[in-house]
Amino acid sequence: MMQKTTKHFSPNTSSNKKLPPSFYLQDTIEVARQLLGKRLVHIFNGKKLSGVIVETEAYLGAQDPACHSFGYKKTPRTSVMFQPGGCAYVYFIYGMYHCLNVVSGPEGEPEAVLIRAIAPDPNEENYRQMIANRKMSFKKVAALHPKDLCGGPGKLAQAFAITRSLNGLSFQSPTLYIEEASSFADSDIVTSERIGISPYNEAAFWPLRFYVKGHPCISVT
DNA sequence: GTACTGATATGCT
DNA sequence: GCATATCAGTACC
């Protein structure tokens, strides 16, 4: 169905090793860049959902007018961002979709990285589960495009069965974690403005989005 | 291919 | 009431 023979489609090389807690305590921009090429895994109802992260956005907490926690704003929704880096921040948006973020930086600095696109690991069972989770129409499944499953924050949350029940869960969890996969070369990483921020927000133009150049699964080009 | 619409939780005024 | 870190469906060209 959706396999194409590009260099991006065989990222399963290095050892399967969870990223250590220290990874998430780094500078948020570093975390956002370094998450590209890492594998997200969610074990859901005994089934493994997995794929390699290919697009992220950094949200710089108190200093970032586009971040939910701008000015250290603390609400029931944003409170997990104040935790030390290494847990999930999942929020519900537009009354329909969930978005998955990786909390980053030290405790008290409410920063996070939005996961915007993932390349699903290319095995039948993984595709089957994600297609089912996405509740795709027969028509869509028949003409499946690489970015249809996980090419966008709302889509990948649905494909990975990410809901608010995972909010605050550590990425050291046995059922939700991020592991080493294969890194992309620096020359393959593109930096751009973030997506979906109102142009009246000065932070809309900050270069905080990172993605793998030319990858078929990224959300917008 | 682009343009518009509707779905409606959360946090703000 | 209003805006928003989105997406699918529909109507056009």
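No hydrogens, no waters, no symmetry mates; every other heavy atom, side chains included, goes into these values. Each chain gets a letter, A, B and so on, in the order its sequence line appears, and its residues count up from 1.
The CZ atom of A:Arg209 sits 11 Å away from the P atom of C:dT6 (whole-angstrom rounding). Atom pair A:Met96:CE and B:dT5:C1' shows a separation of 12 Å (rounding to whole Å applied). As rounded to whole Å, 17 Å separates atom C1' of C:dA8 from atom CZ of A:Phe138. C:dA5 atom P lies 20 Å from atom OH of A:Tyr211, rounded to whole Å. C:dC7 atom P lies 15 Å from atom NE2 of A:His145, rounded to whole Å. The NZ-C1' distance, from A:Lys74 to B:dT10, rounds to 18 Å in whole Å. Atoms CG (A:Asn101) and P (C:dT4) sit 18 Å apart, rounded to a whole Å. What separates CG of A:Asp64 from C1' of C:dA5 is a distance of 10 Å, to the nearest Å.
Distance from the side chain of A:Pro153 is smallest to C:dC7 among C:dA5, C:dC7, B:dG11. Considering only side-chain atoms of A:Met81, the nucleotide from B:dA9, C:dC7, C:dA5 that sits closest is C:dA5. Checked against C:dC7, B:dT10, B:dG11, the side chain of A:Lys155 finds its nearest nucleotide in C:dC7. Across B:dA7, C:dA5, C:dC7, the shortest atom-to-atom separation from the side chain of A:Tyr91 is found for C:dA5.
In this pair, A:Tyr97 does not lay its aromatic ring on the base of C:dT6; centres under 5.5 Å and planes under 30 degrees do not both hold. Stacking of A:Tyr59 onto the six-membered ring of C:dA5 is present: less than 5.5 angstrom between centres, less than 30° between planes.
Listed here is the closest heavy atom pair of A:Arg39 and A:Glu180: NH1-O, 3.9 Å.
Across all strands shown, A:Ser198 has heavy atoms under 4.0 Å from sugar-phosphate atoms exclusively, and none from any base. Nucleic acid contact for A:Arg77: sugar-phosphate only, since backbone atoms but no base atoms lie under 4.0 Å from a heavy atom of the residue. Contact annotation for A:Arg134: backbone-only contact, meaning every heavy-atom pair under 4.0 Å involves sugar-phosphate atoms and none involves a base. Across all strands, A:Tyr94 comes closer than 4.0 Å to base atoms (heavy-atom distances). Among the protein residues, A:Ile93 comes within range of the sugar-phosphate backbone only, with heavy atoms under 4.0 Å from sugar or phosphate atoms but none that close to a base.
Distances shorter than 4.0 Å separate some side-chain N or O of A:Arg116 from OP1 or OP2 on C:dT6. For the pair A:Lys140 and C:dG9, the criterion of a side-chain N or O lying under 4.0 Å from OP1 or OP2 is not met.
Pair assignment for B:dA7: C:dT6, on the basis of Watson-Crick or G-U wobble contacts that are both within less than 3.5 Å.
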Decide side chain to side chain contact (heavy atoms under 4.5 Å, CB included) for A:Leu176 and A:His42; before the verdict, give the C-alpha distance in whole Å, the side-chain angles of both, and the deciding distance to 0.1 Å.
CA-CA 5 Å; A:Leu176 182 70; A:His42 182 207; 4.0 Å; yes
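Side chain of A:Asn101 to main chain of A:Val103: no donor-acceptor pair is present (N/O by atom type, distance under 3.5 Å, no hydrogens or angles). No donor-acceptor pair closer than 3.5 Å links the side chain of A:Arg33 to the backbone N or O of A:Thr191. In this structure, the side chain of A:Asn126 engages the main chain of A:Ser50 through a donor-acceptor pair within 3.5 Å.
Taking the six-membered ring where tryptophan is involved, the planes of A:Tyr89 and A:His68 are perpendicular, since the angle between them exceeds 60° and thus also 30°.
Distance check on atom P: C:dC13 versus B:dT5 gives 16 Å, rounded to whole Å. For the P atom pair drawn from B:dT13 and C:dA5, the interatomic distance equals 15 Å after rounding to whole Å.
Across the interface with DNA chain C, nearest-nucleotide mapping of A:Cys99 and A:Ser137 shows A:Cys99 to be the residue nearer the 5′ end.
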